[in-house]
Structures are given as structure tokens and as C-alpha cells.
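Quantities reported herein were computed from a predicted structural model and do not represent experimental measurements. When a ligand or atom number is given, it counts from 1 through the structure's own listing order.
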Amino acid sequence: MIVNGREYRRPRTPVAVVCLDGSAYEYIERAIAAGAAPYLQSLVRSKCFRLVSSALPSFTNPNNVSIVTGVPPAVHGISGNFFLDRATGAAVMMNDAAFLRAESILAAFSRAGVRVGVVTAKDKLRRLLGHGVDESTGVCISTEARGVEVYSPALSEEALAEGARLLESAAVDLMYVSTSDYVQHKYEPGDDAANRFYASVDRSLAAMDAAGATLVVTADHGMRAKADETGVPRAVYLQDVLDEWLGPNASRVVLPITDPYVLHHGSLGACAMVYLAAPDGADAVARRIAGLTGIDLAVPRDEACVQFELPPDRTGDIVAFATGDFVIGTRPAEHDLTALDAPLRSHGGRSEQLVPMLSNRPLTLPASRSLRNFDAFDVALNGSG
Ligand SMILES: [Zn+2]
């Protein structure tokens with residue numbers, strides 16, 4: 001089966017890819033050290049374990065779509081939650097399957113008669129990732145749609161438990177399970193609540209293994225602390241900065257993390273897309289942005305699209321990433337931080353790109369081959385045996 005230019009072997013035994021949202025390796029490492037994750041410990045110790053890079057920006061939707069399509073945002077088109085329509089000046093939300101430019105591996109196998117299961121925490125992700133999956137032969141569900149509280153660890157725990165049940169009942173041949181990063185936004189690695197969560201994750205993964213599945217576990221992005229010692233987010237409010245430099249209405253900062261329904265990160269992430277009224281000036285403005293404290297790098301669109309594999313028509317005139325300790329906002333008044341009940345933890349930049357990839361089968365891929373998180377289905381279907 002060839003999907004998006006890559007050949008995938010049809011699963012002969014059940015195959016499951018699990019995306020643990022926001023799981024920087026430190027979460028797993030600390031849970032193992034606390035004795036809370038014996039199954040994950042066995043994977044780290046004796047089987048296949050690598051640290052791999054996610055797609056950029058290191059956000060949930062671009063990476064989940066990259067994983068299920070096996071290609072970066074330049075090919076599948078989902079570069080964040082929002083892009084600016086230059087013709088209308090409107091910020092367009094792209095969490096709908098209509099914005100997908102590539103078929104998923106799941107949809108392709110479903111069409112070929114393989115029983116495909118998609119289990120997500122959030123329902124918006126189920127609609128995006130389950131697009132094209134035949135529900136008469138397979139399963140496509142979210143725990144949110146089943147009534148589990150969105151702002152809870154249970155949303156993810158139930159998704160993993162459901163994935164284990166689907167394998168135990170031999171209901172699916174190829175499965176993708178994707179959790180939410182509620183726990184990781186709220187708790188740091190090693191926190192009791194985080195360890196309790198990974199203990200639950202661990203039990204479900206062990207159950208999937210016991211059901212006979214080939215398992216590949218990875219993450220969409222990492223997560224880092226973004227607040228100072230007093231609990232205030234370390235943020236570059238880029239729209240304010242640009243208004244001062246260029247004057248009002250000369251630029252528009254679009255934050256691809258912005259989500260109309262979820263405000264537990266206050267829409268503060270580590271990536272910003274800058275649109276300019278005069279795009280010719282992008283080189284010079286990018287250089288100035290790159291010089292700001294808290295900015296890791298700022299590059300004009302063409303360079304960013306090549307370097308970070310982004311779709312040009314859904315990318316700003318400048319792409320900026322924050323450093324590991326910082327986030328980028330627009331203006332303070334546009335970020336409601338009252339809903340945050342813990343110091344800000346967030347993601348989106350290069351500093352949150354490194355994630356674990358674990359498998360319960362020995363890898364047959366050459367050790368020299370560098371892997372991305374969106375090679376998960378390649379590893380699961382072709383690279384382990
Ligand atoms: Zn995520």
C-alpha cells in the first residue's frame with residue numbers, strides 16, 4: 001500500500017500507534033524513576049527507544065496529522081490551528097478535514113478493507129484524524145463525545161483503556177490512539193499527579209502489548225515551563241513590539257496555538273506567524289525579531305518553509321519561534337490568563353521538538369536512519385519484526 005509516496009506493509013497481526021500528547025521524555029523518565037511505569041521501563045531498557053524530532057510548529061494538530069499521514073505539514077497542509085487568509089484578512093481555523101491535502105495511512109488501509117480503529121481524547125481531533133475511515137468495518141471514537149470531562153486526566157486515560165479493549169476484543173487490525181496534553185500543561189515531570197497519569201498510561205500500554213499488538217509509542221510535542229519564579233509567563237508580546245517598530249496596521253501576528261475552545265494555555269505558545277502589509281520588508285523585520293530576548297529564531301517565509309517543511313500558503317511572511325523558557329503572545333490584553341490555575345507550561349518551538357519513540361518489537365531499520373515522530377507508522381508496519 002503506497003500512501004503519500006511511501007510504501008506500508010499491510011498488518012498481518014494487530015498494529016497500534018499511540019501518541020501521548022505533550023509527553024516530553026522527562027515525564028516518562030520521572031514516572032519510571034518513581035516506580036510508576038514498569039511497562040514503559042521495560043520498553044526503554046530492552047527494546048526500541050529513541051528520541052526523535054516532531055514536526056514544526058511543535059503543536060498538537062500539525063503533529064497528529066503528520067503522524068497519520070507520514071508526511072510533514074508542507075505536504076498535508078495543517079500548519080497550526082489558524083492561518084491568515086491574505087485575500088480577506090481573516091484568520092481561518094483549520095481544524096476541519098476540508099483543509100487536509102493528504103490522505104491518512106488510516107484512511108488508505110480502511111479503504112483497502114483493513115479494520116481501522118481511531119481513538120482520540122478530543123472530538124475535534126477525531127474528526128480530523130478519522131477522516132476517510134470506514135466505520136462500518138472499523139471504529140472512530142473520542143472520549144469527549146462519550147461525555148468524559150475535557151479538562152481531566154480521565155479524557156486521555158479512557159482513550160488508552162478503550163484502545164486496549166479494542167485490541168483485546170480483536171476488533172481492529174490497525175489502530176491510532178491520541179491523548180490530550182491536559183496533564184502536561186498543568187504538571188511538571190515527576191509531579192505526583194503526572195506520575196499517577198503515567199501509571200494509568202502504563203497499564204493500558206501493557207494491556208495492548210498483552211493483547212498481542214505491535215506497539216509504537218511516540219508524542220506530538222514536548223512541553224516546557226514558561227513562567228518566571230513569580231509565576232508570570234515569560235512572554236514576548238510581539239504585536240505590541242511590531243506596532244511600535246512599524247506603526248499600527250503594518251503587521252498582524254497570528255498565533256497558531258490559538259484555540260477557540262481551550263484556554264488552559266492562554267493561547268501562549270512558542271511559535272508566531274507574522275503577516276506584513278509590506279512583505280518586501282520581511283528580511284529586515286525578521287532580523288530585528290530574531291534579536292529580541294526570548295526569540296530563538298525568526299526567518300522569512302520562503303526560508304522557513306524549506307527549513308521547517310511548512311506549506312507556503314498557510315505560513316506567515318515571517319515565522320518566529322521562542323526559546324525554551326519563553327512564549328510569544330500578541331498583546332497582554334488579548335491573553336486571558338485568569339483561567340490558568342498553574343504556572344504556564346507550553347510548547348510550539350524547537351525546544352519542545354524532541355519526543356520519545358518506543359516500540360515493543362526490535363527495530364529492523366538501520367540504526368543510522370534518523371527518525372521523526374511521523375515515521376511512527378513506517379516503524380510499526382515496516383520497520384519492526
Ligand atoms: Zn499536543
Side-chain angles (χ1 to χ4, degrees), residues 17-28 51-69 72-73 76 78-82 93-95 118-130 142-144 150-160 163 176-189 194 197-198 201 217-226 255-271 321-322 324 327-328 340 342 344-357 372-374 376:
V17 170
V18 175
C19 176
L20 298 175
D21 200 319
S23 287
Y25 178 59
E26 288 73 21
Y27 282 103
I28 292 169
L51 289 173
V52 300
S53 286
S54 78
L56 284 170
S58 52
F59 290 129
T60 301
N61 288 12
N63 273 283
N64 270 277
V65 175
S66 292
I67 292 169
V68 301
T69 58
H76 64 65
I78 307 296
S79 56
N81 290 345
F82 277 94
M93 189 164 67
M94 49 180 153
N95 67 359
V118 178
V119 186
T120 66
K122 289 180 182 161
D123 202 53
K124 63 174 186 178
L125 211 49
R126 175 192 64 81
R127 281 181 270 123
L128 196 56
L129 303 178
S142 74
T143 48
E144 180 184 2
V150 174
Y151 297 101
S152 75
L155 192 74
S156 297
E157 293 170 0
E158 290 292 321
L160 289 161
Y176 184 60
V177 181
S178 184
T179 63
S180 92
D181 55 13
Y182 167 81
V183 166
Q184 294 79 6
H185 271 292
K186 200 171 163 74
Y187 304 108
E188 60 182 11
F197 175 73
Y198 282 92
V201 169
V217 180
T218 190
D220 52 349
H221 53 79
M223 186 75 72
R224 285 182 58 121
K226 302 288 189 178
L255 305 174
I257 194 174
T258 307
D259 185 319
Y261 310 112
V262 192
L263 292 173
H264 60 299
H265 42 59
S267 295
L268 290 171
C271 174
F321 294 115
V327 285
I328 305 174
L340 284 177
L344 181 69
R345 305 179 56 74
S346 196
H347 54 95
R350 300 198 296 178
S351 300
E352 299 85 23
Q353 228 189 326
L354 213 57
V355 292
M357 183 180 277
R372 306 291 301 274
N373 64 343
F374 55 87

* To do: Confirm or rule out an N/O/S atom of T60, from backbone or side chain, lying less than 2.8 Å from the Zn ion (ligand 1).
  =>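 It does: T60 brings an N, O or S atom closer than 2.8 Å to the Zn ion (ligand 1).
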* **Backbone or side-chain N/O/S of H221 under 2.8 Å of the Zn ion (ligand 1)** =>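 Coordinating: yes.
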* To do: Identify, with sequence neighbours excluded, every residue that meets side chain to side chain donor-acceptor pair (under 3.5 Å) alongside S54.
  =>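 For S54 there are no side chain to side chain donor-acceptor pair (under 3.5 Å) partners, ignoring immediate neighbours.
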* Asked: Which is the closest N/O/S atom of D21 when seen from the Zn ion (ligand 1)?
  ->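 Going through the N, O and S atoms of D21 one by one, OD1 ends up nearest to the Zn ion (ligand 1).
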* Asked: In D220, which N, O or S atom comes closest to the Zn ion (ligand 1)?
  ->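 The closest N, O or S atom of D220 to the Zn ion (ligand 1) is OD2.
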* Residues two or more places apart in sequence or in another chain: which of them pass side chain to side chain contact (heavy atoms under 4.5 Å, CB included) with N61? ->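 Here the qualifying residues are I78, N81, N95, L125, L128.
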* Parallel, tilted or perpendicular: rings of H347 and F59 (30°, 60°) ->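 Perpendicular: the ring planes of F59 and H347 meet at over 60°.
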* Asked: Does some side-chain heavy atom of H221 sit less than 4.5 Å from a side-chain heavy atom of P62?
  ->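 No - every pair of side-chain heavy atoms lies 4.5 Å or more apart.
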